[in-house]
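Numbers here simply count residues along the sequence, with the first being 1. Below, each value reflects all heavy atoms present in this structure, side chains not excepted, and no hydrogens, waters or symmetry copies.
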Amino acid sequence: MKRLIEGLAKVAKRAGPGTAARVPEAGVATELRALRARVPQLTGSLVASADGLLIAHDLAAAVEPTGMAAVTATGLSLAHRIALTAHGGAFHEVVIRGVDGYVVIYAAGPTASLTVLAEPTVNVGRLHLESRPVARAVAAHLSTPRRRQ
């Protein structure tokens, strides 16, 4: 993942101004904003690497993105371990229901995760329906090398 981030920084630098939309993080951020528009009870979202590095976020000012990314990576690692121990298979998602709302962590490919925060009144089925395709799209953004046009 470190090589991916370093490579993205080099691509952005070479591409120059006005080409940010071709950098995967820009596509990821667009996915996050669109998700919030489709699910009104969504209070924020972020994408983090499996190492806990923040890739992109759409969070309220009250949530510190870098710290949330690190905590998400810990949760992701634990979820992988539980799924492997219990069923011998891969992890897909974790749902945490708290007093003040939901935190759902989705696997976004093998090296990243999508975390969404939602109000306690959210329709969880709708949240999954909208978020799962975003997790797949994020994985595609992060795994597809971008070329200059």
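For the pair Tyr106 and Arg136, the minimum side-chain heavy-atom distance is 4.5 Å or more. At a threshold of 4.5 Å between non-hydrogen side-chain atoms, the residues Arg132 and His92 do not count as touching. In this structure, Leu59 and Pro65 have side chains that are in contact, with non-hydrogen atoms separated by less than 4.5 Å. Two residues are said to be in side-chain contact when any heavy atoms from C-beta on lie closer than 4.5 Å; Leu114 and Leu32 meet this criterion. Between Leu42 and Val116 the shortest side-chain heavy-atom distance falls below 4.5 Å. Counting only heavy atoms from C-beta outward, the side chains of Thr111 and Leu142 never approach each other to under 4.5 Å.
Using a cut-off of 4.0 Å between Lys/Arg side-chain N and Asp/Glu carboxylate O, Asp58 and Arg33 are scored as not salt-bridged.
Taking each heavy atom of Pro133 and His128 in turn, the nearest pair found is CD-O, 4.2 Å. Nearest heavy-atom pair across Ala73 and Ser49 is CB-O, 4.1 Å. The minimum heavy-atom distance between Ala118 and Thr43, with the atom names listed, is N-OG1, 3.7 Å. What you find for Gly109 and Ala139 is that their closest heavy atoms are N-CB, 3.5 Å.
Applying the side-chain contact (heavy atoms from CB on, under 4.5 Å) criterion to Thr121, with sequence neighbours excluded, gives Gln41, Glu119. With sequence neighbours left out, Ser45 forms a side chain to side chain donor-acceptor pair (under 3.5 Å) with no residue at all. Here Glu130 pairs with Arg38, Arg126 under the salt bridge (Lys or Arg N to Asp or Glu O under 4.0 Å) rule; sequence neighbours left out.
A donor atom on one side chain and an acceptor atom on the other are found under 3.5 Å apart for Thr72 and Thr115.
Hydrophobic clustering, with ILVMFWY side chains joined whenever heavy atoms are under 4.5 angstrom apart, keeps Leu129 apart from Leu35. No single ILVMFWY cluster, assembled from side-chain heavy atoms under 4.5 Å apart, contains both Ile82 and Val71. Hydrophobic clustering (ILVMFWY, side-chain heavy atoms < 4.5 Å, transitive): Leu117 and Ile96 are in one cluster. Met68 and Leu78 fall into different hydrophobic clusters, defined by Ile, Leu, Val, Met, Phe, Trp and Tyr side-chain heavy atoms under 4.5 Å apart, directly or through other members. Taken together through direct or relayed side-chain contacts under 4.5 Å among Ile, Leu, Val, Met, Phe, Trp and Tyr, Val47 and Val95 form part of one hydrophobic cluster.
For the pair Asp51 (side chain) and Leu53 (backbone), a donor-acceptor distance under 3.5 Å is absent.
Leu76 contributes atom CG, which lies 13.5 Å from atom CZ of Arg81 (distance to the nearest 0.5 angstrom).
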